[in-house]
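Residue numbers start from 1 in every chain, and the chains themselves are labelled A, B, ... in the order their sequence lines are given, proteins ahead of strands. Just so it is clear, the values below take in all heavy atoms, side chains as well, and ignore hydrogens, waters and symmetry mates.
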Amino acid sequence: MAKRQKKQLSSVEIRSFGPGANLFFNIFLAIFAVSCIFPFLFIIVISFTRESDLVQYGYQLWPKHWSFGAYQYLQSFSGQFLQSLGVTIFITVVGTCLNTLFSATYGYAISRKDFTYRRFFTVFALISLLFTPGMVPTYLVVTRMLHLSDNIWALILPGAFGVYNVLIMRTFYLTQVPDSIVESARIDGASELLIFRKIVIPLAIPGIATISLFSALGFWNDWFNGMLYITSDSKVPLQYLLVRIQSNIDILAKSAQQSSTIGAAVAAIPSEGTRMAMVVLSTLPIALTYPFFQKYFVRGMTIGGVKE
Amino acid sequence: MAGQLTPMTSAPVHPQAKHHKNTLWWRLFKNRTYFLFCLPGVVFMILFFYIPVLANVVAFKDFSYSEGGFIAGLLQSPWVGFNNFKFFFESADFWIVTRNTIGYNMVFLLLNFFFAIFFAIIMSQLRNRRLLRGYQTLMLFPYFLSWAVLQYFVYAFLNPDKGIVNQMIHALAGGKGIDFYNNPAPWPFIILFLGVWKGIGYNSILYFATAMGIDPTLYEASMIDGASKWQQIKNVTIPHIVPVATLMLILNIGGIFRSDIGLFYVVPRMSGPLINVTQTFDTYIYRALTTTNDIGMSTAAGLVQSVVGAALILTCNAIVRKVEPKSALF
């Protein structure tokens with residue numbers, strides 16, 4: 001044990017920079033790392049700046065007057081905000097469950113050596129990594145064939161299965177679930193479903209955590225399907241709401257020069273600080289949780305690319 | 001990998017089963033649970049991959065919706081050969097779209113490779129593990145955010161009146177500053193910077209893991225031979241990273257006709273004056289679909305994108321397989 005520890009220490013010693021270079025690159029990385037978090041902190045500061053200050057001085061790193069006004073004002077806009085938050089939570093929860101279940105079972109089937117049609121089903125799914133059907137044909141199928149225009153399932157079903165997730169799970173089963181355990185359970189007379197539920201799933205929990213996190217992130221962050229398929233306010237997900245507010249402002253700014261009868265429309269747009277408050281609130285769940293889940297993402301990134 | 005697993009033949013076969021063993025029905029019956037496991041995925045793939053792929057025939061048709069449903073509309077619409085493609089290739093947009101998409105992606109490919117490997121190598125050489133983890137966590141943050149959110153971050157800097165960049169220009173040089181959302185000149189740099197910045201934490205993970213997996217005795221041996229730090233990186237670290245980088249190159253080369261619609265459409269706030277430097281295949285297709293509703297031509301543009309992408313992956317893979325079979329994807 002002691003010997004091993006010594007070896008690890010010396011391996012750091014051997015691999016690492018000398019003290020000078022180490023200090024230099026530490027400073028370099030620290031600056032870059034701060035640049036990654038700085039804009040978010042800046043947005044938080046803006047959301048706590050008094051509205052009149054924003055008009056007068058612009059965005060400031062340290063405002064003259066702090067204020068909760070933006071968050072209080074959010075209450076008057078909260079009908080839409082809470083509705084969109086609800087939509088996002090719903091699609092994230094339902095979508096993640098479906099994606100994880102479907103990808104995990106598919107991945108299990110194509111990982112099993114005794115599945116006669118394993119190769120066929122592997123190629124059947126993986127071919128989509130080579131060729132993509134394109135935005136317009138997918139749009140036509142979703143809206144014209146499945147009739148999901150302005151339907152919340154248009155935000156869920158296109159993400160209900162993931163070929164990358166299947167790949168991650170397949171690799172996971174191949175490396176983490178010993179064949180002998182499955183075999184012995186089968187000899188004991190356990191049915192395939194029981195084996196999957198009671199033996200394979202518990203062993204594959206880290207893999208399942210990885211793909212469900214990938215999938216949850218995808219649903220939470222999705223604005224494009226909303227932009228493509230959703231028209232009524234009650235079904236707009238949070239991320240698309242952010243896009244829509246921004247583009248409404250731009251449209252109004254352009255038409256403001258031409259007409260003066262847009263008072264009502266302006267009232268529907270939240271103020272500058274309130275918009276930033278919405279950005280903060282929709283980012284916060286990710287910002288607060290991802291450091292704890294980071295290792296699963298990292299694992300997913302390094303596990304997926306194992307060849308057969 | 002196959003060698004590590006117990007071969008199936010060790011499983012006892014029921015005597016009665018033995019003599020049915022080779023019939024098709026027996027094989028289907030034996031695999032029934034696996035079929036069940038595959039079923040949802042198969043339905044998904046048919047609905048969201050195979051049917052849309054077939055629906056690409058729209059590119060060769062003068063498509064119109066039909067009362068009889070989508071499939072009927074597809075069948076009844078008249079064939080127009082390559083007219084949609086011709087229309088797309090001859091339009092003024094084609095040149096701009098192709099130039100932007102390929103241009104940005106070539107530079108992205110280069111910069112992403114360079115910075116991901118550069119960051120991975122320096123991170124693998126740091127002495128303090130705890131600091132390293134801190135950097136990694138912070139660097140991953142932008143990767144987890146959508147462009148819908150990031151556009152507001154960008155706006156806090158680039159807002160022509162209130163943004164921090166113009167405040168700085170104003171304080172340092174005086175004058176009015178830059179009207180960012182109406183001035184195309186800085187956008188190629190903004191877009192490249194944002195794309196690389198967002199992805200660095202994520203892109204460097206794989207190379208970092210590779211660099212950390214290198215046998216330390218190799219470094220030790222090179223040190224005894226009197227290699228400098230730079231020589232160690234050049235002769236030990238980089239050769240280990242090259243096979244992984246090759247695999248990633250094959251995977252990414254197919255995306256050279258693709259672009260992130262969030263970065264090119266939402267971040268520049270769909271601004272008209274910027275269209276010459278922000279219009280790519282995807283934004284063009286989206287705009288054609290939603291504003292002019294030109295289904296045939298937008299499908300044709302998308303099909304060009306997919307076919308070229310697939311051809312590039314296959315070509316690149318074939319070349320790699322010839323030169324260095326271990327690095328090939330399939």
Engineer: For Met227(A), which atoms come within 4.5 Å of any heavy atom of chain B: side chain, backbone, both, or neither?
Structural biologist: both
Engineer: For the ring pair Phe25(A) and Phe32(A), is the centre-to-centre distance below 6.0 Å?
Structural biologist: no
Engineer: Quick check against the 3.5 Å criterion: does Asn221(A) have a side-chain atom that pairs as donor or acceptor with the backbone of Phe144(B)?
Structural biologist: yes
Engineer: Using non-hydrogen atoms and a 4.5 Å limit, figure out which bit of Thr299(B) sits close to chain A: side chain, backbone, both or neither.
Structural biologist: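 Both parts, backbone and side chain.
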Engineer: Could you tell me whether the side chain of Met276(A) reaches within less than 4.5 Å of the side chain of Leu54(A), counting heavy atoms only?
Structural biologist: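 Sidechains of Met276(A) and Leu54(A): no contact.
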Engineer: At a heavy-atom distance under 4.5 Å, which candidate from Val53(B), Thr33(B), Asn31(B), Leu289(B) has the highest pair count against chain A?
Structural biologist: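 Heavy-atom pair counts peak at Asn31(B).
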Engineer: Under 4.5 Å heavy-atom distance to chain A, tell me which part of Phe48(B) shows up: side chain, backbone, both or neither.
Structural biologist: both
Engineer: What part of Ile71(B) is in contact with chain A, defined as an atom under 4.5 angstrom from a non-hydrogen atom: side chain, backbone, both or neither?
Structural biologist: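 Side chain only.
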Engineer: According to the interplanar angle, ranging from 0 to 90°, do the rings of Phe161(A) and Tyr106(A) count as parallel (below 30°), tilted (30 to 60°) or perpendicular (above 60°)?
Structural biologist: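 Phe161(A) vs Tyr106(A) ring planes: perpendicular.
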Engineer: Do any N or O atoms from the side chain of Asp294(B) and from the backbone of Ala288(B) form a donor-acceptor pair under 3.5 angstrom?
Structural biologist: no
Engineer: Under 4.5 Å from any heavy atom of chain A, what part of Leu74(B) do you find: side chain, backbone, both or neither?
Structural biologist: neither
Engineer: Can you confirm if the aromatic rings of Phe121(A) and Phe115(A) lie within a centre distance of less than 6.0 Å?
Structural biologist: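 So the answer is yes for these two rings.
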Engineer: Checking heavy atoms, do the side chain of Ile127(A), its backbone, both or neither come under 4.5 Å from chain B?
Structural biologist: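 Both backbone and side chain of Ile127(A) come within 4.5 Å of chain B.
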Engineer: Pick one of side chain, backbone, both or neither for Arg32(B), based on which atoms fall under 4.5 Å of a heavy atom in chain A.
Structural biologist: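 Answer is neither: Arg32(B) stays 4.5 Å or more from chain A.
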Engineer: Among Ala148(B), Ala55(B), Gly134(B), single out the residue with the greatest number of heavy-atom pairs under 4.5 Å to chain A.
Structural biologist: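 The residue among Ala148(B), Ala55(B), Gly134(B) with the greatest pair count is Ala148(B).
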Engineer: Indicate yes or no for a side-chain donor-acceptor contact from Asn56(B) to the backbone of Pro133(A) under 3.5 Å, with no hydrogens or angles considered.
Structural biologist: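 Yes, Asn56(B) side chain to Pro133(A) backbone: donor-acceptor pair under 3.5 Å.
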Engineer: Can you tell me which portion of Ala209(B) sits under 4.5 Å from chain A's heavy atoms? Options are side chain, backbone, both or neither.
Structural biologist: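 Side chain only.
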Engineer: Side chain from CB out, backbone as N, CA, C, O: work out which of these in Val149(B) comes under 4.5 Å of a heavy atom of chain A, or both, or neither.
Structural biologist: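 Both backbone and side chain of Val149(B) come within 4.5 Å of chain A.
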Engineer: Given heavy-atom pairs under 4.5 angstrom as the criterion, report whether the side chain, backbone, both or neither of Val307(B) touches chain A.
Structural biologist: both
Engineer: What pairs with Tyr181(B) under ring pair (Phe, Tyr, Trp, His ring centres under 6.0 Å), at least two apart in sequence or on another chain?
Structural biologist: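 Testing Tyr181(B) for ring pair (Phe, Tyr, Trp, His ring centres under 6.0 Å), a comparison that skips the adjacent residues, returns Tyr155(B), Trp187(B).
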Engineer: Heavy-atom pairs under 4.5 Å with chain B: which of Ala125(A), Gly134(A), Pro158(A), Ala21(A) has the most?
Structural biologist: Pro158(A)
Engineer: Measure Phe118(B) against the heavy atoms of chain A and call it side chain, backbone, both or neither at under 4.5 Å.
Structural biologist: side chain
Engineer: So which of Tyr139(A), Phe102(A), Tyr59(A), Phe42(A) has the biggest tally of heavy-atom pairs under 4.5 Å with chain B?
Structural biologist: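 Option with the greatest count: Tyr59(A).
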Engineer: Side chain, backbone, both or neither: which part of Gln151(B) has a non-hydrogen atom closer than 4.5 Å to chain A?
Structural biologist: side chain
Engineer: Of the listed residues (Tyr240(A), Tyr57(A), Phe38(A), Phe196(A)), which shares the most heavy-atom pairs with chain B below a 4.5 Å separation?
Structural biologist: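 Highest number of pairs under 4.5 Å: Phe196(A).
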Engineer: Could you tell me which portion of Val142(A) (side chain, backbone, both or neither) has an atom closer than 4.5 angstrom to a non-hydrogen atom of chain B?
Structural biologist: side chain
Engineer: Tell me if the centroids of the rings in Tyr117(A) and Phe35(B) come within less than 6.0 Å of each other.
Structural biologist: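 Ring centroids of Tyr117(A) and Phe35(B) are less than 6.0 Å from each other.
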Engineer: May I ask you to decide whether Asp260(B) forms a salt bridge with Lys198(B), counting only side-chain N to carboxylate O separations under 4.0 Å?
Structural biologist: no
Engineer: Looking only at heavy atoms and a cut-off of under 4.5 Å, which of Asp282(B), Leu140(B), Ile261(B), Thr237(B) has the most pairs with chain A?
Structural biologist: Ile261(B)
Engineer: Can you confirm if the NZ or CZ of Arg144(A) lies within 45° of the ring axis of Tyr65(B) and under 6.0 Å from the centre of its six-membered ring?
Structural biologist: yes
Engineer: Side chain, backbone, both or neither: which part of Ala301(B) has an atom under 4.5 Å from a heavy atom of chain A?
Structural biologist: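 For Ala301(B), there is no contact with chain A at all, as no heavy atom is under 4.5 Å.
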Engineer: Between chain A and each of Met123(B), Met212(B), Lys162(B), Arg258(B), count heavy-atom pairs under 4.5 Å; write down the option with the most.
Structural biologist: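 The answer is Lys162(B).
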Engineer: Which answer fits Val42(B), side chain, backbone, both or neither, if we ask what part of it has an atom under 4.5 Å from a heavy atom of chain A?
Structural biologist: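 Contact with chain A is through both the backbone and side chain of Val42(B).
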Engineer: Evaluate the ring planes of Tyr108(A) and Phe37(B), with Trp represented by its six-membered ring, and classify them as parallel (under 30°), tilted (30 to 60°) or perpendicular (over 60°).
Structural biologist: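 Plane angle over 60°, so perpendicular.
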Engineer: Counting heavy-atom pairs under 4.5 Å to chain A, which of Tyr202(B), Tyr143(B), Phe157(B) comes out on top?
Structural biologist: Tyr202(B)
Engineer: Give, for atom CG of Leu242(A) and atom OH of Tyr152(B), the distance between the pair rounded to the nearest 0.5 Å.
Structural biologist: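 Spacing of CG (Leu242(A)) from OH (Tyr152(B)) equals 5.0 Å.
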Engineer: Hey, which of Leu241(A), Val243(A), Asn248(A) is the one that makes side chain to side chain contact (heavy atoms under 4.5 Å, CB included) with Ile245(A)?
Structural biologist: Leu241(A)
Engineer: Given the options Ser247(A), Ala287(A), Ser35(A), which has more heavy-atom pairs under 4.5 Å with chain B than any of the others?
Structural biologist: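 Most heavy-atom pairs within the cutoff with chain B belong to Ser35(A).
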Engineer: Is Asn159(B) close to chain A through its backbone or its side chain, or both, or neither, when contacts mean heavy atoms under 4.5 Å?
Structural biologist: side chain
Engineer: Calculate, to the nearest 0.5 Å, the distance between atoms OH and CD1 belonging to Tyr135(B) and Ile122(B) respectively.
Structural biologist: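 CD1 of Ile122(B) is found 10.0 Å from OH of Tyr135(B).
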Engineer: Side chain from CB out, backbone as N, CA, C, O: work out which of these in Leu130(A) comes under 4.5 Å of a heavy atom of chain B, or both, or neither.
Structural biologist: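 Answer is both: backbone and side chain atoms of Leu130(A) are under 4.5 Å from chain B.
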Engineer: Which atoms of Tyr265(B) come close to chain A, meaning under 4.5 Å heavy atom to heavy atom: side chain ones, backbone ones, both, or neither?
Structural biologist: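 The side chain, not the backbone.
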